[in-house]
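See structure below.
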Number of protein chains: 2
Amino acid sequence: MRIGELAARTGVSVRALRYYEEQGLLDAERSTGGQRHYPENAVDRVRLIQQLYAAGLASRAIVELLHCVVDGNATPELLARLASERDRIDGRIAELTGARDRLDSVVTGAAANLRTGRPCPARAGAGTTGAGARRRETGPTG
Amino acid sequence: MRIGELAARTGVSVRALRYYEEQGLLDAERSTGGQRHYPENAVDRVRLIQQLYAAGLASRAIVELLHCVVDGNATPELLARLASERDRIDGRIAELTGARDRLDSVVTGAAANLRTGRPCPARAGAGTTGAGARRRETGPTG
DNA sequence: CTAAAACCTGACGTCGACGTGAGAGGCAAG
DNA sequence: CTTGCCTCTCACGTCGACGTCAGGTTTTAG
(Lines give C-alpha, C1' and ligand atoms only; values in the text may rest on other atoms or scores of the structure.)
Protein backbone atom coordinates (compact mmCIF):
# COMPACT_ATOMS: atom_id res chain seq x y z
CA MET A 1 0.00 0.00 0.00
CA ARG A 2 1.06 3.60 -0.36
CA ILE A 3 1.74 6.05 2.40
CA GLY A 4 -1.71 7.60 2.46
CA GLU A 5 -3.42 4.31 3.04
CA LEU A 6 -0.96 3.32 5.72
CA ALA A 7 -1.58 6.64 7.40
CA ALA A 8 -5.33 6.12 7.24
CA ARG A 9 -5.13 2.58 8.56
CA THR A 10 -2.83 3.42 11.44
CA GLY A 11 -4.21 6.81 12.31
CA VAL A 12 -0.87 8.52 12.15
CA SER A 13 -0.06 11.32 9.76
CA VAL A 14 1.77 10.96 6.49
CA ARG A 15 4.38 13.30 7.84
CA ALA A 16 4.90 11.06 10.83
CA LEU A 17 5.42 8.02 8.60
CA ARG A 18 8.07 9.84 6.63
CA TYR A 19 9.62 10.88 9.90
CA TYR A 20 9.71 7.27 11.06
CA GLU A 21 11.54 6.31 7.90
CA GLU A 22 13.95 9.18 8.41
CA GLN A 23 14.66 7.83 11.89
CA GLY A 24 15.21 4.33 10.62
CA LEU A 25 12.09 2.97 12.26
CA LEU A 26 10.25 2.03 9.11
CA ASP A 27 11.46 1.17 5.66
CA ALA A 28 9.60 1.08 2.39
CA GLU A 29 10.12 -0.15 -1.11
CA ARG A 30 10.06 2.50 -3.76
CA SER A 31 8.19 2.44 -7.01
CA THR A 32 9.93 3.57 -10.20
CA GLY A 33 8.43 6.97 -9.59
CA GLY A 34 9.94 7.13 -6.14
CA GLN A 35 6.78 6.55 -4.18
CA ARG A 36 6.83 4.48 -1.03
CA HIS A 37 5.12 1.12 -0.93
CA TYR A 38 4.54 -0.74 2.30
CA PRO A 39 3.71 -4.36 2.99
CA GLU A 40 0.74 -5.34 5.13
CA ASN A 41 2.76 -5.84 8.26
CA ALA A 42 3.79 -2.20 8.20
CA VAL A 43 0.47 -1.50 9.88
CA ASP A 44 1.46 -3.52 12.90
CA ARG A 45 4.91 -2.07 12.84
CA VAL A 46 3.59 1.45 12.94
CA ARG A 47 1.30 0.57 15.80
CA LEU A 48 4.21 -0.84 17.73
CA ILE A 49 6.19 2.31 17.09
CA GLN A 50 3.31 4.42 18.29
CA GLN A 51 2.95 2.38 21.43
CA LEU A 52 6.61 2.74 22.23
CA TYR A 53 6.52 6.46 21.56
CA ALA A 54 3.53 6.71 23.83
CA ALA A 55 5.53 4.94 26.47
CA GLY A 56 8.07 7.71 26.35
CA LEU A 57 10.81 5.88 24.50
CA ALA A 58 12.90 8.04 22.21
CA SER A 59 13.26 7.12 18.56
CA ARG A 60 16.82 6.05 19.14
CA ALA A 61 15.74 3.50 21.71
CA ILE A 62 12.97 2.30 19.44
CA VAL A 63 15.42 1.82 16.60
CA GLU A 64 17.54 -0.47 18.68
CA LEU A 65 14.54 -2.35 19.95
CA LEU A 66 13.31 -2.88 16.43
CA HIS A 67 16.70 -4.09 15.33
CA CYS A 68 16.32 -6.69 18.01
CA VAL A 69 12.77 -7.60 17.16
CA VAL A 70 13.19 -7.61 13.42
CA ASP A 71 16.80 -8.55 12.80
CA GLY A 72 17.31 -10.67 15.85
CA ASN A 73 20.36 -8.73 16.95
CA ALA A 74 20.24 -8.46 20.69
CA THR A 75 23.30 -7.71 22.74
CA PRO A 76 23.38 -7.89 26.53
CA GLU A 77 23.96 -4.13 26.55
CA LEU A 78 20.81 -3.54 24.54
CA LEU A 79 18.87 -5.81 26.81
CA ALA A 80 20.13 -3.89 29.79
CA ARG A 81 19.03 -0.64 28.22
CA LEU A 82 15.62 -1.97 27.40
CA ALA A 83 15.26 -3.34 30.89
CA SER A 84 16.15 0.07 32.24
CA GLU A 85 13.58 1.63 29.95
CA ARG A 86 11.10 -0.81 31.36
CA ASP A 87 11.95 0.27 34.86
CA ARG A 88 11.58 3.88 33.88
CA ILE A 89 8.13 3.16 32.58
CA ASP A 90 7.34 1.48 35.86
CA GLY A 91 8.51 4.57 37.65
CA ARG A 92 6.35 6.74 35.47
CA ILE A 93 3.36 4.60 36.21
CA ALA A 94 3.99 5.06 39.90
CA GLU A 95 4.35 8.81 39.43
CA LEU A 96 1.15 9.01 37.49
CA THR A 97 -0.71 6.93 40.00
CA GLY A 98 0.42 9.19 42.80
CA ALA A 99 -0.49 12.31 40.89
CA ARG A 100 -3.84 10.89 39.93
CA ASP A 101 -4.64 10.16 43.55
CA ARG A 102 -3.59 13.64 44.49
CA LEU A 103 -5.69 15.17 41.79
CA ASP A 104 -8.52 12.95 42.86
CA SER A 105 -8.44 14.21 46.38
CA VAL A 106 -8.40 17.78 45.17
CA VAL A 107 -11.35 17.22 42.91
CA THR A 108 -13.28 15.35 45.55
CA GLY A 109 -12.60 18.02 48.11
CA ALA A 110 -13.52 20.81 45.74
CA ALA A 111 -16.73 19.07 44.77
CA ALA A 112 -17.59 18.82 48.44
CA ASN A 113 -16.94 22.54 48.72
CA LEU A 114 -19.35 23.27 45.95
CA ARG A 115 -22.00 21.40 47.84
CA THR A 116 -21.23 22.89 51.22
CA GLY A 117 -20.39 26.33 49.90
CA ARG A 118 -17.26 26.41 51.98
CA PRO A 119 -13.78 27.33 50.88
CA CYS A 120 -11.31 24.70 49.78
CA PRO A 121 -10.52 22.01 52.32
CA ALA A 122 -6.88 22.76 51.73
CA ARG A 123 -7.43 25.92 53.72
CA ALA A 124 -9.73 24.35 56.22
CA GLY A 125 -6.96 21.94 56.99
CA ALA A 126 -5.62 18.93 55.15
CA GLY A 127 -7.10 16.77 52.50
CA THR A 128 -10.33 14.93 52.63
CA THR A 129 -8.65 11.73 51.56
CA GLY A 130 -5.41 12.49 53.26
CA ALA A 131 -3.50 11.95 50.05
CA GLY A 132 -1.03 14.65 50.88
CA ALA A 133 -3.41 17.53 50.66
CA ARG A 134 -1.86 19.27 53.58
CA ARG A 135 -1.30 22.38 51.58
CA ARG A 136 -2.02 24.65 54.48
CA GLU A 137 -1.64 28.12 53.12
CA THR A 138 -1.00 29.73 56.46
CA GLY A 139 -0.02 32.75 54.53
CA PRO A 140 -0.89 36.20 53.37
CA THR A 141 -4.20 37.48 52.15
CA GLY A 142 -7.18 35.80 53.44
CA MET B 1 14.00 31.81 52.29
CA ARG B 2 15.57 32.98 49.06
CA ILE B 3 15.35 31.29 45.72
CA GLY B 4 18.59 29.37 45.99
CA GLU B 5 17.56 27.67 49.17
CA LEU B 6 14.14 26.84 47.84
CA ALA B 7 15.77 25.33 44.79
CA ALA B 8 18.11 23.27 46.92
CA ARG B 9 15.33 22.07 49.17
CA THR B 10 13.00 21.10 46.38
CA GLY B 11 15.54 19.83 43.92
CA VAL B 12 14.32 22.02 41.09
CA SER B 13 16.46 24.61 39.40
CA VAL B 14 16.40 28.31 40.15
CA ARG B 15 15.40 28.87 36.59
CA ALA B 16 12.43 26.57 37.01
CA LEU B 17 11.27 28.46 40.09
CA ARG B 18 11.35 31.74 38.20
CA TYR B 19 9.49 30.03 35.41
CA TYR B 20 6.80 28.90 37.83
CA GLU B 21 6.35 32.44 38.99
CA GLU B 22 6.17 33.61 35.40
CA GLN B 23 3.41 31.08 34.84
CA GLY B 24 1.52 32.20 37.89
CA LEU B 25 2.14 28.97 39.78
CA LEU B 26 4.20 30.41 42.56
CA ASP B 27 4.39 33.86 44.05
CA ALA B 28 7.00 35.44 46.22
CA GLU B 29 7.44 38.50 48.32
CA ARG B 30 10.17 40.83 47.22
CA SER B 31 12.82 42.42 49.35
CA THR B 32 13.65 46.08 48.87
CA GLY B 33 16.42 44.96 46.58
CA GLY B 34 14.00 43.00 44.45
CA GLN B 35 14.99 39.56 45.61
CA ARG B 36 12.38 36.86 46.04
CA HIS B 37 11.56 35.57 49.47
CA TYR B 38 9.47 32.49 50.01
CA PRO B 39 7.64 31.17 53.05
CA GLU B 40 8.18 27.66 54.32
CA ASN B 41 5.13 26.21 52.62
CA ALA B 42 6.57 27.13 49.25
CA VAL B 43 8.52 23.90 49.50
CA ASP B 44 5.34 21.87 49.52
CA ARG B 45 3.86 24.03 46.84
CA VAL B 46 6.78 23.44 44.53
CA ARG B 47 6.59 19.72 45.14
CA LEU B 48 2.93 19.73 44.25
CA ILE B 49 3.71 21.62 41.08
CA GLN B 50 6.39 19.14 40.17
CA GLN B 51 4.08 16.24 40.76
CA LEU B 52 1.44 17.72 38.54
CA TYR B 53 3.96 18.49 35.83
CA ALA B 54 5.17 14.94 36.07
CA ALA B 55 1.61 13.82 35.58
CA GLY B 56 1.56 15.58 32.26
CA LEU B 57 -0.60 18.53 33.24
CA ALA B 58 0.23 21.74 31.45
CA SER B 59 1.03 24.83 33.45
CA ARG B 60 -2.30 26.34 32.54
CA ALA B 61 -4.17 23.44 34.08
CA ILE B 62 -1.99 23.61 37.14
CA VAL B 63 -2.71 27.29 37.54
CA GLU B 64 -6.41 26.63 37.67
CA LEU B 65 -5.99 23.75 40.03
CA LEU B 66 -3.92 25.87 42.35
CA HIS B 67 -6.50 28.62 42.28
CA CYS B 68 -8.90 26.01 43.54
CA VAL B 69 -6.59 24.63 46.16
CA VAL B 70 -5.30 27.93 47.41
CA ASP B 71 -8.07 30.41 46.85
CA GLY B 72 -10.97 28.05 47.16
CA ASN B 73 -12.41 29.07 43.83
CA ALA B 74 -13.82 25.98 42.20
CA THR B 75 -16.38 26.15 39.45
CA PRO B 76 -18.17 23.12 38.09
CA GLU B 77 -16.37 23.72 34.80
CA LEU B 78 -13.02 23.59 36.48
CA LEU B 79 -13.99 20.44 38.29
CA ALA B 80 -15.03 18.89 35.02
CA ARG B 81 -11.71 19.79 33.49
CA LEU B 82 -9.79 18.37 36.38
CA ALA B 83 -11.84 15.22 36.29
CA SER B 84 -11.07 14.91 32.61
CA GLU B 85 -7.40 15.40 33.36
CA ARG B 86 -7.72 12.65 35.85
CA ASP B 87 -9.20 10.37 33.27
CA ARG B 88 -6.42 11.25 30.88
CA ILE B 89 -3.91 10.25 33.49
CA ASP B 90 -5.77 7.00 33.90
CA GLY B 91 -5.55 6.48 30.18
CA ARG B 92 -1.85 7.19 30.22
CA ILE B 93 -1.36 4.68 32.95
CA ALA B 94 -3.12 2.09 30.86
CA GLU B 95 -0.99 2.99 27.84
CA LEU B 96 2.17 2.75 29.83
CA THR B 97 1.15 -0.53 31.34
CA GLY B 98 0.49 -1.97 27.92
CA ALA B 99 3.74 -0.68 26.53
CA ARG B 100 5.63 -1.98 29.51
CA ASP B 101 4.19 -5.44 29.05
CA ARG B 102 5.08 -5.29 25.41
CA LEU B 103 8.59 -4.20 26.13
CA ASP B 104 8.79 -6.89 28.74
CA SER B 105 7.90 -9.58 26.30
CA VAL B 106 10.47 -8.31 23.83
CA VAL B 107 13.18 -8.24 26.46
CA THR B 108 12.27 -11.64 27.79
CA GLY B 109 12.19 -13.12 24.33
CA ALA B 110 15.47 -11.54 23.35
CA ALA B 111 17.10 -12.77 26.54
CA ALA B 112 15.92 -16.24 25.67
CA ASN B 113 17.49 -15.79 22.24
CA LEU B 114 20.79 -14.94 23.77
CA ARG B 115 20.69 -18.16 25.72
CA THR B 116 19.53 -20.34 22.85
CA GLY B 117 21.54 -18.53 20.23
CA ARG B 118 18.53 -18.41 17.96
CA PRO B 119 17.25 -15.42 16.03
CA CYS B 120 14.46 -13.30 17.38
CA PRO B 121 11.15 -15.05 17.87
CA ALA B 122 9.56 -12.26 15.90
CA ARG B 123 11.19 -13.66 12.79
CA ALA B 124 10.49 -17.24 13.71
CA GLY B 125 6.79 -16.57 13.74
CA ALA B 126 6.82 -13.38 11.78
CA GLY B 127 4.57 -14.22 8.87
CA THR B 128 2.38 -11.21 8.44
CA THR B 129 3.06 -9.21 11.56
CA GLY B 130 6.79 -8.78 11.49
CA ALA B 131 7.08 -6.58 14.52
CA GLY B 132 4.84 -8.84 16.48
CA ALA B 133 1.35 -7.68 17.13
CA ARG B 134 0.95 -10.78 19.20
CA ARG B 135 2.59 -10.55 22.53
CA ARG B 136 2.53 -14.31 22.71
CA GLU B 137 6.07 -14.20 21.39
CA THR B 138 7.34 -14.17 24.93
CA GLY B 139 9.75 -16.95 25.59
CA PRO B 140 9.16 -19.84 27.94
CA THR B 141 11.24 -18.43 30.74
CA GLY B 142 10.21 -15.50 32.73
C1' DC C 1 -5.03 13.99 -23.68
C1' DT C 2 -6.31 16.89 -19.09
C1' DA C 3 -7.42 17.46 -14.35
C1' DA C 4 -7.20 16.14 -9.85
C1' DA C 5 -5.43 13.52 -6.25
C1' DA C 6 -1.76 11.72 -4.01
C1' DC C 7 2.99 11.80 -3.46
C1' DC C 8 7.86 13.62 -3.44
C1' DT C 9 11.86 16.42 -1.21
C1' DG C 10 13.48 20.12 1.40
C1' DA C 11 13.18 23.31 5.01
C1' DC C 12 11.38 26.40 8.39
C1' DG C 13 7.79 26.63 12.39
C1' DT C 14 5.80 24.89 16.78
C1' DC C 15 5.23 23.93 21.64
C1' DG C 16 6.65 23.38 26.55
C1' DA C 17 9.73 23.53 30.29
C1' DC C 18 13.22 24.93 31.06
C1' DG C 19 19.11 25.75 29.99
C1' DT C 20 22.36 29.17 29.43
C1' DG C 21 24.94 33.32 28.87
C1' DA C 22 25.24 38.44 29.44
C1' DG C 23 25.46 42.31 32.14
C1' DA C 24 24.06 44.52 36.40
C1' DG C 25 22.72 44.78 41.23
C1' DG C 26 21.92 43.04 46.26
C1' DC C 27 23.91 41.26 50.57
C1' DA C 28 26.84 39.65 54.46
C1' DA C 29 31.82 39.62 55.89
C1' DG C 30 36.28 41.66 56.64
C1' DC D 1 35.60 50.40 51.11
C1' DT D 2 36.29 45.63 48.63
C1' DT D 3 35.52 40.81 47.91
C1' DG D 4 32.65 37.19 46.59
C1' DC D 5 28.52 34.84 46.28
C1' DC D 6 23.79 35.14 45.28
C1' DT D 7 20.33 37.18 42.76
C1' DC D 8 18.10 40.10 39.19
C1' DT D 9 16.13 40.73 34.29
C1' DC D 10 16.24 39.98 29.48
C1' DA D 11 16.46 37.01 25.72
C1' DC D 12 18.06 33.50 22.67
C1' DG D 13 18.95 28.21 22.53
C1' DT D 14 17.35 23.35 23.05
C1' DC D 15 15.11 19.01 22.09
C1' DG D 16 11.68 15.78 20.00
C1' DA D 17 7.99 14.62 17.11
C1' DC D 18 6.04 16.18 14.16
C1' DG D 19 2.95 20.55 11.34
C1' DT D 20 2.98 23.17 7.40
C1' DC D 21 4.17 25.66 3.39
C1' DA D 22 6.43 25.66 -1.27
C1' DG D 23 7.23 23.84 -5.59
C1' DG D 24 7.57 19.93 -8.42
C1' DT D 25 6.44 14.81 -9.89
C1' DT D 26 3.69 10.47 -10.13
C1' DT D 27 -0.54 8.12 -10.29
C1' DT D 28 -5.39 7.76 -11.17
C1' DA D 29 -9.91 8.99 -13.12
C1' DG D 30 -12.37 10.43 -17.08
Side-chain angles (χ1 to χ4, degrees), chain A residues 1-39 42 45-66 81 85 88-89 92 95-96 99, chain B residues 1-39 42 45-66 81 85 88-89 92 95-96 99:
Chain A
M1 78 195 79
R2 289 191 298 170
I3 199 170
E5 186 182 344
L6 181 58
R9 287 177 58 178
T10 58
V12 314
S13 70
V14 168
R15 176 69 177 92
L17 294 178
R18 295 201 189 104
Y19 176 76
Y20 295 166
E21 181 173 331
E22 192 181 322
Q23 299 298 308
L25 301 176
L26 185 63
D27 51 343
E29 316 247 319
R30 296 301 185 112
S31 73
T32 47
Q35 299 202 350
R36 296 170 178 85
H37 281 94
Y38 300 91
R45 171 78 81 100
V46 170
R47 286 181 183 150
L48 174 60
I49 294 172
Q50 281 279 299
Q51 192 167 14
L52 294 175
Y53 268 130
L57 273 74
S59 50
R60 182 164 154 257
I62 301 181
V63 170
E64 299 183 350
L65 189 149
L66 288 179
R81 272 199 53 186
E85 294 281 4
R88 254 179 33 187
I89 295 177
R92 283 285 279 271
E95 272 185 5
L96 287 179
Chain B
M1 79 194 78
R2 290 190 297 173
I3 198 169
E5 187 182 343
L6 181 57
R9 287 176 59 178
T10 57
V12 313
S13 71
V14 168
R15 176 68 177 94
L17 294 177
R18 295 203 188 102
Y19 176 76
Y20 296 165
E21 181 172 331
E22 192 182 321
Q23 298 299 308
L25 301 176
L26 185 63
D27 51 342
E29 317 246 317
R30 296 299 186 113
S31 72
T32 47
Q35 300 200 350
R36 294 169 177 85
H37 282 94
Y38 301 91
R45 171 78 81 100
V46 170
R47 285 181 183 150
L48 174 60
I49 294 172
Q50 282 277 300
Q51 191 166 15
L52 295 176
Y53 268 131
L57 273 75
S59 49
R60 182 165 154 257
I62 301 181
V63 170
E64 299 183 352
L65 188 149
L66 288 178
R81 270 200 55 185
E85 295 279 4
R88 254 180 30 186
I89 295 177
R92 283 284 280 272
E95 270 185 5
L96 287 179

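In what follows, chains carry the letters A, B, and so on, assigned in the order in which the sequence lines appear, proteins first and then strands, with residues in each chain numbered from 1.
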For a quick test of your reading: what N or O donor-acceptor pairs under 3.5 Å do the side chains of residues 1-10 of chain B make, sequence neighbours left out?
| from | atom 1 | to | atom 2 | distance (Å) |
| --- | --- | --- | --- | --- |
| Arg2(B) | NH1 | Gln35(B) | OE1 | 3.0 |
| Glu5(B) | OE2 | Arg9(B) | NH1 | 3.4 |
| Arg9(B) | NH1 | Glu40(B) | OE2 | 3.3 |
| Arg9(B) | NH2 | Glu40(B) | OE1 | 2.9 |
| Thr10(B) | OG1 | Leu6(B) | O | 2.7 |
| Thr10(B) | OG1 | Ala7(B) | O | 3.4 |
| Thr10(B) | OG1 | Val12(B) | N | 3.4 |

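- Atom CG in Leu52(A) sits 7.5 Å away from atom CD1 in Ile89(A) (nearest 0.5 Å).
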**Message:** Please determine whether salt bridge (charged side-chain N to carboxylate O under 4.0 Å, His left out) holds for the pair Glu85(A) and Arg88(A), giving the CA-CA distance in whole Å, both sets of side-chain angles, and the decisive distance to 0.1 Å.
**Reply:** CA-CA 5 Å; Glu85(A) 294 281 4; Arg88(A) 254 179 33 187; 3.4 Å; yes
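- The nearest whole Å value for the distance from the CD1 atom in Ile49(A) to the C1' atom in dG16(D) is 15 Å.
- Between the CG atom of Leu57(B) and the CD1 atom of Ile49(B) there is a distance of 12.0 Å, given to the nearest 0.5 Å.
- One finds the CD1 atom of Ile62(A) at 8.0 Å from the CG atom of Leu65(A) (value rounded to the nearest 0.5 Å).
- Contact check, Tyr19(A) against dC18(D): no side-chain N or O comes under 4.0 Å of OP1 or OP2.
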**Asked** Hey, mind stepping through Arg36(B) and Arg30(B) against side-chain contact (heavy atoms from CB on, under 4.5 Å) and telling me if it holds?
**Response** CA-CA 5 Å; Arg36(B) 294 169 177 85; Arg30(B) 296 299 186 113; 3.2 Å; yes
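- A sub-4.0 Å separation between OP1 or OP2 of dA17(C) and a side-chain N or O of Tyr20(B) is absent.
- Per the geometry, CZ belonging to Arg15(A) stands 15 Å off P belonging to dT14(C), to the nearest Å.
- Rounded to the nearest 0.5 Å, atoms CD (Glu95(B)) and OH (Tyr53(A)) are 15.0 Å apart.
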**Request:** Verify side-chain contact (heavy atoms from CB on, under 4.5 Å) between Leu17(B) and Glu21(B), making sure each step is shown before the conclusion.
**Result:** CA-CA 6 Å; Leu17(B) 294 177; Glu21(B) 181 172 331; over 6 Å; no
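- Scanning residues 54-65 of chain B for heavy-atom distances under 4.0 Å to DNA chain C yields Leu57(B), Ala58(B), Ser59(B).
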Expected rows: protein N/O vs nucleotides 2-8 of chain D N/O, under 3.5 Å:
| from | atom 1 | to | atom 2 | distance (Å) |
| --- | --- | --- | --- | --- |
| dT7(D) | OP1 | Gly4(B) | N | 2.8 |
| dC8(D) | OP1 | Arg36(B) | N | 2.9 |
| dC8(D) | OP1 | Arg36(B) | NH1 | 2.8 |
| dC8(D) | OP2 | Arg18(B) | NE | 3.1 |
| dC8(D) | OP2 | Arg18(B) | NH2 | 2.9 |
| dC8(D) | OP2 | Arg36(B) | NH1 | 3.3 |
| dC8(D) | O5' | Arg36(B) | NH1 | 3.3 |

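- Remark: P of dA17(D) and CD of Gln23(A) are 7 Å apart, rounded to the nearest angstrom.
- Atom CZ of Arg45(A) sits about 5.0 Å away from atom CG of Leu66(A), to the nearest 0.5 Å.
- At whole-Å resolution of the value, CD in Glu29(A) and C1' in dC8(C) are 18 Å apart.
- The side chain of Ser31(B) places an N or O atom within less than 4.0 Å of a non-bridging phosphate oxygen (OP1 or OP2) of dC27(C).
- For Glu22(A) and dC18(D), the CD to P distance is 11 Å, given to the nearest whole Å.
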